[in-house]
J.: 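Sharing a structure here in structure tokens format.
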Protein chains: 2
Amino acid sequence: MRTSDKHTKIIEAAITVFARKGFFSARISDIAKEAQVADGTIYLYFNNKYDILISLFEEEIGKIILEVKLLMEKESDPRRMLQIFALHHMQLMEEKRELAEVLQMELRQSNKFMKEYRNTKFIEYVDVVSAIVHKGQEEGVFRKSLLPGVFKRAFFGALDETSRLWVLSPDHNYTIAEAAQQISDIFISGIMTDS
Amino acid sequence: MRTSDKHTKIIEAAITVFARKGFFSARISDIAKEAQVADGTIYLYFNNKYDILISLFEEEIGKIILEVKLLMEKESDPRRMLQIFALHHMQLMEEKRELAEVLQMELRQSNKFMKEYRNTKFIEYVDVVSAIVHKGQEEGVFRKSLLPGVFKRAFFGALDETSRLWVLSPDHNYTIAEAAQQISDIFISGIMTDS
DNA sequence: GTCTTATGAATGCGTATTCATTCATTTTTC
DNA sequence: GAAAAATGAATGAATACGCATTCATAAGAC
């Protein structure tokens, strides 16, 4: 078995266990069991428990950013770009539930217990939205009076909270795609120049 | 010193300490120190560490709900109600930073480590928004095609994420009131019937 | 036969919780 | 009204235990 396989197996196991129990309640032995390795093996690939969480963030958000930037390159209409971002974000949360839970819960409070860790990757992801807003304003499609910094947070927050609760609650009277559509509709008609 | 004073002092100390360190990294002795009582005294008022957190949620969100429902009763225009809700929510986060941090961070992941705890108070708060949407739809001011369940989450998520980052980042190029205004503007123009 | 990778029992640290003790206040007794 | 007895709130050192991390040993690779 190659080295990289174990690294990946442990990360994947950690996603599952952190999603289920949360970072603090998760035991190293839980992750080891889930990854089918010995407890000690984990320390051959990671320095400590925090290191697993940080590696997980960096690697997984890295992949997501690559994906979304690729999608954005294929589109030029800012309105369509917002729609695509929304749909892609929500689908991601649906397809990778466990990862979504870890990112939503643990990522945000990580700066509480890991003082030194600044999550630049996360900022980079959300800044994809402000870039779209900026582009739309340049092109005169979006109102100049909007603050891109407010918009990106509001838009991201709307998507994230909606998908978070969609994943949590067992019964839904709407699909992920419908929710993404409604949210991007609201925001798009909310930021268009009056014409 | 009356009994109730100690209870309150401990809750207030817990808000400060949980905000600073997060629930798990917070030590009972930290809370005791902050509240200027002995470690053991805390166990005269609360069963355990979790109980402090739960009591804190129940009591503080209870107050917030009372406040916001009172505000809503004074207004009848659904658009104005959304504006007021937005502004009130954001101001709350600004005025009570520490409480805001605890609610935003710990409340959400509490169901991870406290299986049995269902946060009905939080749901009640967010449902204030869906009630407004419903009212607006009844009166024909808001589009019927919107799902109140999606809207409430999107609206709340937008407010919450924006205020969360406003509180975290040291420099702002906009005020809380401006952000609240922009967000309610976006959502209101996004859900109006086309007329 | 050496070097690498993996194991999991043993270690030790950190901290939630307990509980014997203190002490201020209230109640009872004469 | 003074002395004695009872109360229970508050204390904080001691306890107990969960779990991250280590490391002596084993298994596998070449």
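Order of the sequence lines fixes the chain letters, A, B, ..., with proteins taken first and strands second; residue numbering starts at 1 for each chain. What you see below is based on every heavy atom in this structure, not just the backbone, and it leaves out hydrogens, waters and symmetry mates. Keep in mind that what you see is a predicted model, and the values were worked out from it rather than measured.
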J.: Does any residue of residues 10-18 of chain B have a heavy atom under 4.0 Å from DNA chain C, and if so, which ones, in number order?
T.: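 Output list: empty, so none.
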
J.: It should be established whether A:K6 places a side-chain nitrogen or oxygen under 4.0 Å from OP1 or OP2 of nucleotide C:dA6.
T.: yes

J.: Rounded to whole Å, how long is the line connecting atom CD1 of B:I28 with atom C1' of C:dG14?
T.: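 About 14 Å, once rounded to whole Å.
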
J.: Separation of B:K49 atom NZ from C:dG14 atom C1', in whole Å?
T.: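 The answer, rounded to whole Å, is 12 Å.
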
J.: Between C1' on C:dA16 and CZ on A:F24, what's the gap in Å once rounded to a whole number?
T.: 15 Å

J.: Rounded to whole Å, how long is the line connecting atom CG of A:D5 with atom P of C:dA6?
T.: 10 Å

J.: Search all heavy atoms of B:R143 against all heavy atoms of B:M192 and return the closest pair with its distance.
T.: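 Closest heavy-atom pair between B:R143 and B:M192: CG-O, 3.2 Å.
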
J.: What pairs of donor and acceptor atoms, side-chain ones from residues 69-78 of chain A against any protein atom, are under 3.5 angstrom apart with sequence neighbours left out?
T.:
residue: A:K69; atom: NZ; partner: A:E124; partner atom: OE2; Å: 3.0
residue: A:D77; atom: OD1; partner: A:R79; partner atom: N; Å: 3.1
residue: A:D77; atom: OD1; partner: A:R79; partner atom: NE; Å: 3.3

J.: Can you figure out which of C:dT7, D:dT11, C:dA6 approaches the side chain of A:A38 most closely?
T.: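 Selected nucleotide (nearest to the side chain): C:dT7.
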
J.: In this structure, how many angstroms lie between the C1' atom of C:dT15 and the NZ atom of B:K21, rounded?
T.: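 The answer, rounded to whole Å, is 12 Å.
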
J.: Give a yes or no on whether B:K96 atom NZ has more than 12 heavy-atom contacts from other residues, nucleotides or ligands under 6.0 Å away.
T.: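 No, NZ of B:K96 has 12 or fewer neighbouring heavy atoms, counting only those of other groups under 6.0 Å.
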
J.: For a quick test of reading the model: is some side-chain N or O of B:Y43 closer than 4.0 Å to OP1 or OP2 of D:dT11?
T.: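 So the side chain of B:Y43 is outside the cut-off, no N or O lying under 4.0 Å from OP1 or OP2 of D:dT11.
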
J.: Can you find a side chain N or O atom of B:R27 that sits less than 4.0 Å from OP1 or OP2 on C:dG14?
T.: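 Result: no.
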
J.: Just the rounded figure in Å: distance from C1' of C:dC19 to CD1 of B:I42.
T.: 16 Å

J.: Can you pull the ring-ring contact (aromatic ring centres under 6.0 Å, His included) pairs that have at least one residue in residues 51-86 of chain B, sequence neighbours excluded?
T.: B:F85-B:Y125

J.: Please state how far atom CZ in A:F46 lies from atom P in D:dA20, giving the value in whole angstrom units.
T.: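 To the nearest whole Å, that distance equals 15 Å.
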
J.: Quick one: A:H7 NE2 to C:dA6 P, roughly how many Å, whole number?
T.: 13 Å

J.: Tell me whether the count of non-hydrogen atoms from other residues, nucleotides or ligands lying under 6.0 Å of CD in B:Q36 goes above 12.
T.: no

J.: For B:Y50 and C:dA16, is the shortest distance between a side-chain N/O and OP1 or OP2 below 4.0 Å?
T.: no

J.: Specify the closest pair of heavy atoms between A:S55 and A:I11, including all atoms of both residues, with the distance to one decimal.
T.: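 Distance-wise, the nearest heavy atoms are CB-CD1, 4.0 Å.
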
J.: Let's see if you can work this out: which of C:dA6, D:dA9, D:dT21 has an atom nearest to the side-chain heavy atoms of B:L44?
T.: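 Within the option list, the nearest is D:dA9.
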
J.: With a 6.0 Å cut-off (strictly less than), is the heavy-atom count around NE2 of A:H88, excluding the residue itself, greater than 12?
T.: yes

